[in-house]
Amino acid sequence: MRNRQFADDARALVRTAQERARTVGHPGIGSEHLLFAVADAPTRVGEVAREYGLTPAGVATQTDRLLAGPRPPFANVDAAALAAIGIDLDAVREAVEANFGPFPAPSPRTRRHPKLPGHLPITGRARSCLQAAVTEAGRRGVSPAGAHHLGAVVVGTPGGLVPPILAALGISAPTLRAALLERTP
């Protein structure tokens, strides 16, 4: 990204997001990849994000969880705990299948998209984050937009995977957004 509207640190976030998307085999850069880049940043932006509990591992785990799709029934059930209170999980499973039919077998996860060389496309939501970062910097009388502007916009984005990732990690988006804007240059 060679856009002069962005400072070097913001462009570095986008490069990290692209590498993350490429590593996990995604066809484009989404807001979740930008969130990963914020958490992974070796700069003050990353330090502040990690102080608030936003870690690269946490973002990666929650992204994978959200993109994995529905889990098979009884996947997270502790059979031993149920047996301790007199419930036979196999009997429950058999009764459910007898009344509702067999559970469909989970489909194997395959990579739908090959690894793409060069630049990956940016999703609409991620593009909106980039544009909003420039607007945020302009409102503050700053140009070009820095990583802290981009980070603040990404954590505050209302749709996509970012809000459920932050919620699963127990992070308040408004609090982290304010910290990124106040505690970073």
Side-chain angles (χ1 to χ4, degrees), residues 9-82 89 103-116 119-130 132-133 147-181 183-184:
D9 59 349
R11 288 195 296 270
L13 287 182
V14 175
R15 283 191 301 273
T16 300
Q18 178 173 261
E19 285 310 308
R20 177 65 187 164
R22 189 183 314 287
T23 297
V24 296
H26 294 172
I29 301 167
S31 56
E32 68 276 14
H33 304 113
L34 292 171
L35 185 66
F36 177 90
V38 169
D40 191 53
T43 62
R44 183 73 181 135
V45 169
E47 291 171 8
V48 170
R50 290 185 294 274
E51 285 175 26
Y52 282 81
L54 186 67
T55 65
V59 173
T61 298
Q62 294 307 318
T63 300
D64 291 346
R65 179 186 64 82
L66 291 166
L67 293 177
R71 298 190 57 134
F74 305 109
N76 291 335
V77 177
D78 186 346
L82 289 175
L89 180 59
F103 298 118
S107 60
R109 291 204 26 107
T110 58
R111 178 178 282 177
R112 295 183 313 231
H113 305 282
K115 276 195 165 186
L116 302 172
H119 293 288
L120 294 179
I122 299 173
T123 66
R125 185 164 281 114
R127 185 173 311 284
S128 294
C129 288
L130 293 171
H148 59 295
H149 300 114
L150 182 54
V153 167
V154 169
V155 301
T157 192
L161 294 179
V162 171
I165 290 170
L166 294 175
L169 296 173
I171 299 170
S172 164
T175 302
L176 179 54
R177 175 181 159 71
L180 287 170
L181 290 172
R183 296 182 51 205
T184 56

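Not counting sequence neighbours, Glu19 has no partner by the side-chain hydrogen bond (donor to acceptor under 3.5 Å, both in side chains) test. For the side-chain hydrogen bond (donor to acceptor under 3.5 Å, both in side chains) test, no residue two or more places apart in sequence or in another chain qualifies with Arg50. Considering only residues two or more places apart in sequence or on other chains, His33 meets the side-chain hydrogen bond (donor to acceptor under 3.5 Å, both in side chains) condition with His26. Not a single side-chain hydrogen bond (donor to acceptor under 3.5 Å, both in side chains) links Arg127 to another residue, sequence neighbours left out. Listed by chain and number, the residues in a side-chain contact (heavy atoms from CB on, under 4.5 Å) with Leu82 are Val77, Ile85, Ile87, Leu89 (sequence neighbours excluded).
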Atom pairs and distances, side-chain donor-acceptor, residues 167-177, under 3.5 Å, sequence neighbours left out:
from: Ser172; atom 1: OG; to: Thr175; atom 2: N; distance (Å): 3.3
from: Ser172; atom 1: OG; to: Thr175; atom 2: OG1; distance (Å): 3.0
from: Arg177; atom 1: NH1; to: Ala152; atom 2: O; distance (Å): 3.2
from: Arg177; atom 1: NH2; to: Glu136; atom 2: OE1; distance (Å): 3.0

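Atom-to-atom distance recorded for Leu130:CG and Arg125:CZ is 13.5 Å, nearest 0.5 angstrom. A distance of 9.5 Å separates CD in Glu47 from CZ in Arg183, rounded to the nearest 0.5 Å. To the nearest 0.5 Å, atom CD1 of residue Ile165 and atom CG of residue Leu54 are 9.0 Å apart. Glu32 contributes atom CD, which lies 9.5 Å from atom CZ of Arg20 (distance to the nearest 0.5 angstrom). Here the SG atom belonging to Cys129 is positioned 9.5 Å from the CG atom belonging to Leu35, to the nearest 0.5 angstrom.
At distances below 3.5 Å, at least one donor-acceptor pair connects side-chain atoms of Asp9 with backbone N or O atoms of Ala147.
When all heavy atoms of Leu34 and Ala126 are compared, the pair lying nearest together is CD1-CB, 3.8 Å. Shortest non-hydrogen contact noted between Pro27 and Leu120 is O-CD2, 4.1 Å. The nearest pair of heavy atoms linking Leu13 to Ala41 is CD2-CB, 3.9 Å. The minimum heavy-atom distance between Ala21 and Gly28, with the atom names listed, is CB-O, 3.5 Å. Taking every heavy atom of both residues into account, His119 and Gln18 meet most closely at CA-OE1, 3.1 Å. Residues Val45 and Leu180 come closest through the heavy atom pair O-CD2, 3.7 Å.
The side-chain heavy atoms of Val14 and Leu150, taken from C-beta on, include a pair separated by under 4.5 Å.
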